[in-house]
Amino acid sequence: MKSILEKNAPELLEKKVKEKRTGLPDLKNAENGKVVLRFAPNPNGPLSFGHSRGVVINSEYAKRYEGKWILRFDDTDTVRKPPLPEAYQLIQDEVQWLTGKPADKVVIASNRIETYYEFASKLIKKGGAYVCTLSADAFREFRQNKTNSPDRSRSPEENLKLWEKMLNGDFSPGEAVVRIKTDMTLPNPALRDWPALRIQDTENNPHPRNEIKSKYKVWPLLDFQSAIEDHLQGVTHIIRGKDLMDSTRKQTLLYNHFEWTYPETVYWGRVKIHEFGGFSTSGMRNDIEEGKYRGWDDSRLPTLASMRRRGFSAEGLRNFWIELALTQKDISASMATIYSHNVKIIDESTPRLFFVREPIEINLENGNEEIPRVFNTQVHPEDIKLGLRKWEISKENTTIYLEKKDLELAKNNNYKIRLKDFADIEINGNKAKINSINPSEKLPIIHWLDSNNCTKATLETTIEDELELIHGMLEKSNHVKVQSIVQLERIGYAKLEHENELIFLHD
RNA sequence: GCUCGAUUGGUGUAGUCCGGCCCAUCAUCUCGCCCUUUCGAGGCGAGGACCCGGGUUCGAAUCCCGGAUCGAGCACCA
């Protein structure tokens, strides 16, 4: 059989060789050079770790299809989710850091309110939308009963008048809303005459941007604003959470009124990180204002700012999200996976350094051998090009530091231990003598410091959701600049945040 | 309740459209070994999964029917 096929129809055999796909799936109907994507966070705080998924996925697709992606600030709720003025810039900085370049375009919804008004007017004129003066509760009845409300039958002219009254401020919040006319008998209740624009009390809840403040009383809701803007910007593909599936359906109904074609849409599920509890942007904002956290970059917070501060590499984060790919499953990932991605990026270029926690002073004396005058080892064990760590060691009154914990380790080993890259020693009280330079027997190897070649330093870390400051001695090094990542041998990776101040990254 | 959607090892994925080469991929994880003067990195090996029940078929992770479980929407939030 096979040989017959080989002879007569070899393509049938070849077709069976399936290629394995990794990373992001292809986008449907994606034409190279023509793809336009967007990511639309609410600027009520800087980006959370979860948001970074949106930035990474959209920018990666834009790169793959040589298209562009728009960063859009959906800042249309001044009451419940008031924007944070500084977030607009913070988010753009974070995007730059994460993707290595700015978004291709930035759109701020609150700058475009009048444009949204135009489309609302147009649709009301066409009879595709109407002003509804029912209360939310009253309308709910009609939605549940699949019956038309009396307001629904008003003529476009009457609706236009009411719309003008809304804009003029003749209605208070809750008294009038613009609804998109769909069909009250639609099986999905979420789609029945859904609300598109509402009134907000911007006297008491002004928009935080100075140029906006109390300028508008009527504000579009997400489904309307987003749909109009996507069309105006020529968005071809929308990647959004599956919680917005009904938004797609609502917006498609709106697009039908205008006879526009809706973009291709793909969904992702929720992502939980085992180690992070439930955090919301507004919750974090409260806690920060109350002083519970030191800021958005507090290392206990699941924000991009925090991860960036701790020293995560943007590339590692990107790889993490790409590997998670795009599925509608609600997923629960572990920090271990993120660490693993990060280590792959940083390990080969990260200088090694000794940091002795809770240092105990020991006087080092000559023993079977004299104290060597120099300590010499590589900055990176696998890469000599990164240079050498070299200390001059005084031969008189030589004081070294060992970790308290390592003293216990030595105790369990007849007080004999090996100082890494240096010598075997035997400890006796606060003194130690050198037994041999070369490793004479298999001893535990510990890191250590010479008092003339180190300085006091602190390591900030998180233990059970509390910030801890570990005091210790840090090796002096001219290979490590402030803000760079180091590996504290036998401890883990950390960032030298300031002179003599380290912040723990991960182990 | 109504309406959507998802279901592959501990975790995340590939494969599902167009059934066989899938005794199921890759990564993470765990364990073992090697290497290494770090509890790091690297190398090698092992462990572990097609939600359940029927059906169609020579053959089902893949198709059909039923069920279960989980999640989301039904806000004048985003």
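Everything quoted here is computed from the prediction, not taken from an experiment. In what follows, chains carry the letters A, B, and so on, assigned in the order in which the sequence lines appear, proteins first and then strands, with residues in each chain numbered from 1.
The gap from the P atom of B/rC77 to that of B/rG10 amounts to 43 Å, rounded to the nearest Å. The gap from the P atom of B/rU38 to that of B/rC70 amounts to 49 Å, rounded to the nearest Å. A gap of 16 Å separates the C1' atoms of B/rA14 and B/rU7, to the nearest Å. B/rG47 and B/rC4 are spaced 39 Å apart, taking the C1' atom of each and rounding to whole Å.
Taking every heavy atom of residues 195-209 of chain A and every atom of RNA chain B, pairs under 4.0 Å involve A/Pro195, A/Arg198, by number. Contacts between residues 263-272 of chain A and RNA chain B, defined by a heavy-atom separation below 4.0 Å, involve no residue at all.
Proximity of the aromatic rings of A/Trp219 and A/Tyr117 is defined here by a centroid distance below 6.0 angstrom, and this criterion is not met. The distance between the ring centers of A/Phe422 and A/Trp448 falls below 6.0 angstrom. A/Tyr130 and A/Trp163 have their aromatic ring centers separated by at least 6.0 angstrom.
Of the candidates B/rG71, B/rU38, B/rC77, the closest approach to any side-chain atom of A/Lys242 belongs to B/rG71. Checking B/rU3, B/rA72, B/rU37 against every side-chain atom of A/Asp243, the shortest atom distance belongs to B/rA72. When the nucleotides B/rC77, B/rU7, B/rU11 are ranked by their closest atom to the side chain of A/Asp77, B/rC77 comes out on top. Of the candidate nucleotides B/rG71, B/rU13, B/rC29, B/rG71 has the atom nearest to the side chain of A/Asp330. Across B/rA78, B/rC39, B/rC77, the shortest atom-to-atom separation from the side chain of A/Arg80 is found for B/rC77. Closest contact between the side chain of A/Ser340 and the listed nucleotides B/rC76, B/rU28, B/rG73 involves B/rU28. Comparing B/rU37, B/rC76, B/rC74 against the side chain of A/Pro189 picks out B/rC74 as the nearest.
Within the 4.0 angstrom heavy-atom criterion, no nucleotide atom of any strand lies near A/Thr377. If you check every strand for non-hydrogen atoms under 4.0 Å, A/Thr327 touches sugar and phosphate atoms only. Residue contacts for A/Leu324: at a heavy-atom cut-off of 4.0 Å it reaches the sugar-phosphate backbone alone, with no base atom in range. A/Arg192 comes within 4.0 angstrom of nothing in the nucleic acid, heavy atoms only. Note on A/Leu244: a base of the nucleic acid sits closer than 4.0 angstrom, heavy atoms only. A/Asp421 comes within 4.0 angstrom of a nucleotide base, judged by non-hydrogen atoms across all strands. When heavy atoms are screened at a 4.0 angstrom cut-off, A/Leu134 is found touching base atoms of the nucleic acid.
Across the protein-nucleic acid pair, A/Ile331 atom CD1 and B/rA14 atom P stand 10 Å apart, rounded to whole Å. Distance A/Leu253 CG to B/rC74 P: 16 Å, rounded to the nearest Å. For the pair A/Met335 CE and B/rC29 P, the computed distance is 13 Å after rounding to whole Å. As rounded to whole Å, 10 Å separates atom P of B/rG5 from atom CG of A/Asp246. As a whole-Å value, the separation of A/His341 NE2 from B/rU13 P is 12 Å. Between the NZ atom of A/Lys146 and the C1' atom of B/rG1 there is a distance of 12 Å, given to the nearest Å. Residue A/Leu326 contributes atom CG, which lies 10 Å from atom P of B/rU13 at whole-angstrom precision. The interatomic distance linking A/Tyr339 (OH) with B/rC29 (P) rounds to 12 Å, in whole Å.
A donor-acceptor contact under 3.5 angstrom links the side chains of A/Tyr267 and A/Thr248, judged on distance only. For the residue pair A/Arg318 / A/Ser313, no side-chain donor-acceptor distance below 3.5 Å is found, with atom types taken as modelled.
Side-chain atoms of A/Asp383 come within 3.5 Å of backbone atoms of A/Lys385 as a donor-acceptor pair (strictly under, hydrogens ignored). With hydrogens and angles disregarded, no donor-acceptor distance shorter than 3.5 Å links the side chain of A/Asn413 to the backbone of A/Tyr415. Using modelled atom types, one side-chain atom of A/Arg352 and one backbone atom of A/Thr350 make a donor-acceptor pair closer than 3.5 Å.
The partner of B/rU69, taking Watson-Crick or G-U wobble pairs whose two distances both stay under 3.5 Å, is B/rA6. Pairing of B/rG12, defined by two Watson-Crick or G-U wobble distances under 3.5 Å, is identified with B/rC26. Under the Watson-Crick and G-U wobble criteria, each requiring two contacts below 3.5 Å, nucleotide B/rG20 is paired to B/rC58. Within the shown strands, B/rG1 is the pairing partner of B/rC74 under the Watson-Crick or G-U definition, both distances less than 3.5 Å.
Across A/Val177, A/Val178, A/Ile180, A/Asp223, a single residue satisfies side-chain contact (heavy atoms from CB on, under 4.5 Å) together with A/Pro195, and that is A/Val177.
Under the 6.0 Å distance and 45° angle rule, A/Lys420 does not count as a cation-pi partner of A/Phe354. Figure legend: A/Arg179 and A/Phe139 shown as a cation-pi pair, the cationic atom lying under 6.0 angstrom from the six-membered ring centre and within 45 degrees of its axis. The side-chain tip of A/Arg209 points at the ring of A/Tyr88 from less than 6.0 angstrom away and within 45° of straight on.
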Practice task
Check step by step if side chain to side chain contact (heavy atoms under 4.5 Å, CB included) holds for A/Leu353 and A/His447.
Solution key: CA-CA 9 Å; A/Leu353 220 53; A/His447 64 289; over 6 Å; no
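We find that A/Lys181 and A/Asp193 are not joined by a salt bridge, their nearest charged nitrogen and carboxylate oxygen being 4.0 Å or further apart. Between A/Arg270 and A/Asp330 there is no salt bridge, since no side-chain N of the basic residue sits under 4.0 Å from a carboxylate O of the acidic one.
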Practice task
Treat primed atoms plus P, OP1 and OP2 as sugar-phosphate and everything else as base, then score nucleotides 40-51 of chain B 5' to 3': B for base contact with protein heavy atoms under 4.0 Å, S for sugar-phosphate contact only, - for none.
Solution key: BB----------
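Between A/Lys329 and B/rU8, a side-chain N or O to OP1/OP2 separation shorter than 4.0 Å is present. Considering only side-chain N and O atoms, A/Ser334 lies nowhere under 4.0 angstrom from the phosphate OP1 or OP2 of B/rG12.
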